[in-house]
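Everything numeric here is computed off the predicted structure, so don't read it as measured data.
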Amino acid sequence: MSETGASSAFEDAFHKSAERHERVWVFVAVAMLTLLLAGTMFIVVYAYGIVVRTDGFRRDPAAVEAPEGSVVKTGPNAYTVTVVARLWRWSPSPLRIPKGATVTFRVTSADVLHGFAIQGTTVNVTAVPGITGSVTYTFNRPGTFNIVCNEYCGLEHQGMLGRIVVAGDPA
């Protein structure tokens, strides 16, 4: 009977020690994972920034202030179009331009992230609130080009369409 009591006392001491060590190692593992996550987030935000800043992206509050976008003729067959994305539309739309027009799109968003893509072209810009993305394209063939949002922006995302109508005769 004394063996059972000694064995029981030894097992109790062993389990107390083992539980203490397990708690320490669980705490160390959780602390290490927390530091790894916090460090990764800090490095991503601090070193790379939330938005990659290039010459094509500039902070431009005036672009967001244009409530329905604007079209400015900058040359004989050149235009600058400020496109503002809002849930769930593009402004201005429809946009009418002559064949052969070179259009510089200045794209921004008034609310959430949107993806500005013109079907049948190489135009693809992310519309970020408070930042203006810029891309230039020459429309050499007449027709109707659809502007689609390729960045999920909410429940009516699939219906967010705009239109560019290119007339057959150059201006």
Do Phe116 and Asn124 come close enough that some side-chain heavy atom pair is under 4.5 Å? no

Backbone N/O of Arg163 and side chain of Ser93: donor-acceptor pair under 3.5 Å: yes

Is it the case that atom CG in Leu155 sees more than 12 heavy atoms from other parts of the structure closer than 6.0 Å? no

Minimal heavy-atom distance between His114 and Trp90, with the atoms involved, is CB-CH2, 4.0 Å

Can a side-chain donor-acceptor contact be found between Asp111 and Ser109 if the only test is distance below 3.5 angstrom? yes

Honestly curious: do Val148 and Val166 fall in one hydrophobic cluster under the side-chain, below-4.5 Å linking rule? no

Indicate yes or no for a side-chain donor-acceptor contact from Thr108 to the backbone of Pro129 under 3.5 Å, with no hydrogens or angles considered. no

Rounded distance [0.5 Å steps], OG1 in Thr102 versus OH in Tyr79: 10.5 Å

Take the angle between the ring planes of Phe14 and Phe10 and call it parallel below 30°, perpendicular above 60°, tilted in between. parallel

Does the Thr121 side chain pair with the main chain of Ile118, one donor and one acceptor, at a distance under 3.5 Å? yes

Side chains of Thr104 and Thr136: do they bring a donor and an acceptor to under 3.5 Å? yes

What one should report as the nearest heavy-atom pair of Cys153 and Leu113 is CB-O, 3.6 Å

Rounded at 0.5 Å granularity, tell me how far NE2 in His15 sits from CD in Glu11. 5.5 Å

